[in-house]
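Notes to accompany the following structure.
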Amino acid sequence: MATDSIAINVELAGGLEILFNNERKLNVELPATTANGSPPNINYLVGHLCDHHMKDSRRELFELQGTVRPGILVLINDADWELEGEGEYELKPKDQILFVSTLHGG
Amino acid sequence: MATDSIAINVELAGGLEILFNNERKLNVELPATTANGSPPNINYLVGHLCDHHMKDSRRELFELQGTVRPGILVLINDADWELEGEGEYELKPKDQILFVSTLHGG
Amino acid sequence: DETKPVKLDLDEFRRYGRQMIMTEVGLDGQLQLKRSKVLLIGAGGLGCPAAAYLAGAGIGTIGIIDHDIVEPSNLHRQIMHTVDRVGQPKVISIIESLKQINPYPKYIAHNYPLSPENAIETLEKYDLVLDCTDSPQTRYMISDACVLLGKPLVSASALRSDGQLVVLNDPPGEGPCYRCVFPRPPPAESVLSCGEGGVLGPVVGAMGVLMSTEALKVLLARADRKKRRKPAHLPATADEIKDADSKEEGTVEPRKFYMTIYAAFSDTPFKTIRMFGKRKTCQACSPVATITKESMKNGSLDYIAFCGGQASGRYPPL
Amino acid sequence: DETKPVKLDLDEFRRYGRQMIMTEVGLDGQLQLKRSKVLLIGAGGLGCPAAAYLAGAGIGTIGIIDHDIVEPSNLHRQIMHTVDRVGQPKVISIIESLKQINPYPKYIAHNYPLSPENAIETLEKYDLVLDCTDSPQTRYMISDACVLLGKPLVSASALRSDGQLVVLNDPPGEGPCYRCVFPRPPPAESVLSCGEGGVLGPVVGAMGVLMSTEALKVLLARADRKKRRKPAHLPATADEIKDADSKEEGTVEPRKFYMTIYAAFSDTPFKTIRMFGKRKTCQACSPVATITKESMKNGSLDYIAFCGGQASGRYPPL
Ligand SMILES: [Zn+2]
Ligand SMILES: [Zn+2]
């Protein structure tokens with residue numbers, strides 16, 4: 001059933017790794033099609049990470065209203081997700097998805 | 001005749017860009033097969049760069065005995081060329097080849 | 001006063017020689033640095049190293065605004081302050097150290113808190129601003145003021161082992177502003193300061209040093225523009241493309257905007273990420289912007305409330 | 001003396017609090033830093049910022065070796081030296097500044113040139129070495145000495161607007177050495193010093209600060225190893241894999257080795273590149289190595305000649 005899933009690389013930075021047991025890099029397997037028949041998109045990934053990888057109960061520090069909370073940059077293969085369609089971007093095998101919490105300290 | 005050439009990206013760093021008219025990034029087109037019938041490899045690329053892109057007469061600051069001179073690191077898609085077969089590595093379309101001169105100042 | 005004649009004396013030639021022999025600097029670049037006025041907002045973990053290298057490089061006028069005093073817990077990372085100066089205002093302490101590195105620049109101390117009411121008049125005398133502060137509300141305020149005044153802004157931040165760096169509103173009117181990059185502020189409960197989250201000294205130090213490099217790049221590009229030559233390190237701007245002789249072959253790509261992010265404990269610590277760019281609906285920098293100098297000065301913009309804190313007439317809360 | 005008890009007084013808790021609250025540091029990590037002895041070779045553009053942040057972080061013993069004196073042309077980038085101290089030995093000048101940042105560490109001045117004859121005895125008292133020098137021959141010599149003594153080595157360099165950073169011989173015996181990375185020296189005519197090629201102050205500054213971060217990472221990993229826990233930021237070493245309970249699911253990847261390269265004027269300035277690793281035929285660190293403490297001490301290794309310079313009995317040429 002290997003063809004029924006796609007493997008992507010997720011990276012967490014800016015402190016978000018704390019929500020994921022200090023893991024900065026995750027190999028994530030997603031179903032090739034989701035319940036609604038389409039490939040998984042970024043918003044699906046966000047929910048999947050909360051359900052299967054997050055080790056912290058404060059889900060609201062990562063997800064809000066079905067997508068990432070404000071103050072988190074999402075990079076699809078090192079480019080801002082707004083260049084790629086934001087939450088609707090459909091994931092391809094080997095995609096590199098980086099979630100970075102913005103920092104304000106100095 | 002587009003299928004008869006391959007396009008790769010070359011980057012120059014550590015001062016090597018000076019030999020190339022201060023260009024740090026070059027889009028390089030190579031023939032898909034070279035005179036001896038095989039695809040172009042890194043050593044072929046080194047000669048090609050000297051012949052077609054270098055703007056400095058001091059070829060010996062880049063090439064020595066058919067390959068790069070000592071003191072230049074060659075990175076094939078961000079990994080040391082020794083992990084990939086060194087000068088014999090056969091180039092593929094979209095390969096990222098980085099030449100870095102080692103620095104000693106402090 | 002962009003055209004005010006400046007020159008270098010023999011001691012300055014000796015002092016700056018090692019950078020003047022670089023093609024990206026040269027005599028023109030060095031004179032441009034001497035002619036430039038740079039404001040650092042914050043004399044802490046970012047501001048200390050940024051100021052040290054800007055002073056070293058020979059910026060003509062260096063202003064620093066901060067209203068904190070030096071505390072023992074600052075010293076592990078704020079390397080322009082000293083044990084002897086604990087208890088002194090940070091702006092006084094840092095300028096003391098900077099003068100010992102380079103007595104040539106004119107140093108201006110602004111020993112008061114930056115607020116929406118005083119931001120415009122504080123920033124308008126400078127050519128370039130460095131945001132070395134530590135809260136979302138000041139970051140939005142500084143960016144808005146820079147947009148209103150047409151000043152480029154170098155912005156960085158650090159927490160724990162992470163850092164971020166971005167150059168905003170550069171060139172003014174073309175590059176994205178802080179609101180373009182972060183249109184919605186983070187929820188207040190997700191924001192940690194260095195005091196709460198901790199920070200490794202050299203992490204914030206590295207970001208501060210990198211800020212000074214970006215500042216020099218912005219200023220040196222001006223020297224190149226004045227000579228109507230393409231900056232060695234930049235793709236052409238829209239205006240330059242119009243101005244330029246069409247001698248050069250090839251097409252000129254539109255400028256891309258990047259952010260540098262650092263994660264010190266990762267085995268691949270640096271990443272350069274490509275930003276979305278200017279936002280058509282930006283409240284500060286787009287044609288439909290609503291933020292004005294007046295709304296800023298009269299205090300009708302409440303940055304604290306915008307960032308989810310308690311509403312307040314001024315920043316910082318007293 | 002790895003087990004020598006050290007403790008922190010109240011002022012130290014206050015001073016280091018902002019980094020001690022980080023999970024990667026903690027009380028164990030802070031005590032490990034205090035117990036550590038670090039040698040900086042070179043008090044110039046790299047050594048100044050590296051030393052500043054290591055002093056700030058609370059390293060217990062900081063040694064600095066350099067035989068130069070402070071010159072005006074140093075000041076644009078060597079931020080721990082001052083106008084008042086032009087003409088003084090650099091090691092004296094830098095320690096003066098470091099004490100003002102943090103009086104707690106023990107500072108040791110080595111005011112003489114490092115040579116093959118004295119390298120072993122100079123380095124052997126330290127736990128970790130930072131190569132902040134500026135010539136190929138010293139870089140090979142320092143790496144060889146670190147391999148012979150089993151010391152990790154943080155090595156960086158900078159010229160014009162470029163910088164490079166790599167951690168070598170870490171952990172000792174497992175990580176590659178300088179000869180593994182650069183088995184053949186560059187031709188002498190291709191080597192430029194900062195004096196000849198120039199250097200932008202914050203470029204060498206950034207590399208120096210990043211060196212101090214890597215040094216802290218190496219030392220903090222020791223605190224983790226002592227507690228037999230996997231360092232938060234490192235994949236397991238071969239020994240640790242053997243030692244570890246096999247409770248954790250998944251396989252442990254062998255460690256990869258990286259170099260960080262910086263090109264300040266590029267729009268994508270940082271790259272992390274993966275290195276080849278240890279070389280089976282390395283003259284210094286492989287099973288077939290020929291370099292020994294004796295060959296080093298008795299001067300039979302001629303680093304100048306190896307690097308294509310005029311043959312000479314000692315380094316540096318007098
Ligand atoms: Zn905007
Ligand atoms: Zn070796």
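Here is how names work: the chains are called A, B, and so on, in the same order as the sequence lines, proteins then strands, and each is numbered from 1. Treat the numbers as computed from the prediction; the structure is a model and nothing was measured. Hydrogens, waters and symmetry mates are skipped; everything else that's a heavy atom, side chains included, is used.
- Within the 4.5 angstrom heavy-atom criterion, atoms from both the backbone and the side chain of D:Thr82 approach chain C.
- Looking at D:Tyr262, the atoms closer than 4.5 Å to chain C (heavy atoms on both sides) all sit in the side chain, from C-beta outward.
- Using a 4.5 Å heavy-atom threshold, the side chains of D:Tyr16 and C:Pro72 count as separate.
- With rounding to the nearest 0.5 Å, the separation of NE2 in D:His81 from CD1 in C:Ile101 is 11.0 Å.
- The structure places CZ of C:Arg160 at 13.5 Å from CZ of D:Arg18, a figure rounded to the nearest 0.5 Å.
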Item checked: Candidate pair D:Arg15 and C:Val83, rule side-chain contact (heavy atoms from CB on, under 4.5 Å), full reasoning -> CA-CA 10 Å; D:Arg15 177 181 277 274; C:Val83 180; 3.5 Å; yes
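- Taking 4.5 Å as the limit, some side-chain heavy atom of D:Phe270 sits within range of a side-chain heavy atom of C:Leu210.
- Under a 3.5 Å cut-off, the side chain of D:Lys217 and the backbone N or O of C:Ala264 do form a donor-acceptor pair.
- Looking at D:Phe265 and C:Leu220, their side chains come closer than 4.5 Å, going by heavy atoms from C-beta outward.
- Residue D:Ile273: no heavy atom, backbone or side chain, is found under 4.5 Å from chain C.
- Contact of the C:Val209 side chain with the D:Pro49 side chain is not registered, since no non-hydrogen atoms from C-beta on lie closer than 4.5 Å.
- The CZ atom of C:Arg85 sits 7.0 Å away from the CD atom of D:Gln100 when rounded to the nearest 0.5 Å.
- Counting all heavy atoms, side chain and backbone alike, D:Ile21 lies closest to C:Gly197 at CD1-C, 3.8 Å.
- The distance from atom OG1 of C:Thr268 to atom NZ of D:Lys256, rounded to the nearest 0.5 Å, is 10.0 Å.
- In terms of the side chain to side chain donor-acceptor pair (under 3.5 Å) criterion, residue partners of C:Glu12 (sequence neighbours excluded) are, by chain and number, C:Lys34.
- D:Pro269 approaches C:Thr260 most closely through the heavy-atom pair CG-OG1, 4.2 Å.
- Every residue two or more places apart in sequence or in another chain was checked for a salt bridge (charged side-chain N to carboxylate O under 4.0 Å, His left out) with D:Lys278, and none qualifies.
- Note on C:Ser212, C:Ser161, C:Ser73, C:Gly201: by heavy-atom pairs under 4.5 Å with chain D, the leading option is C:Ser73.
- Both the backbone and the side chain of D:Thr213 come within contact range of chain C, with heavy atoms under 4.5 Å apart.
- At a threshold of 4.5 Å between non-hydrogen side-chain atoms, the residues D:Ile79 and C:Ile79 count as touching.
- Contact of C:Leu200 with chain D is made through backbone and side chain together, with heavy-atom distances under 4.5 Å.
- Most heavy-atom pairs under 4.5 Å with chain C, from the set D:His76, D:Met20, D:Glu71, D:Met211: that is D:His76.
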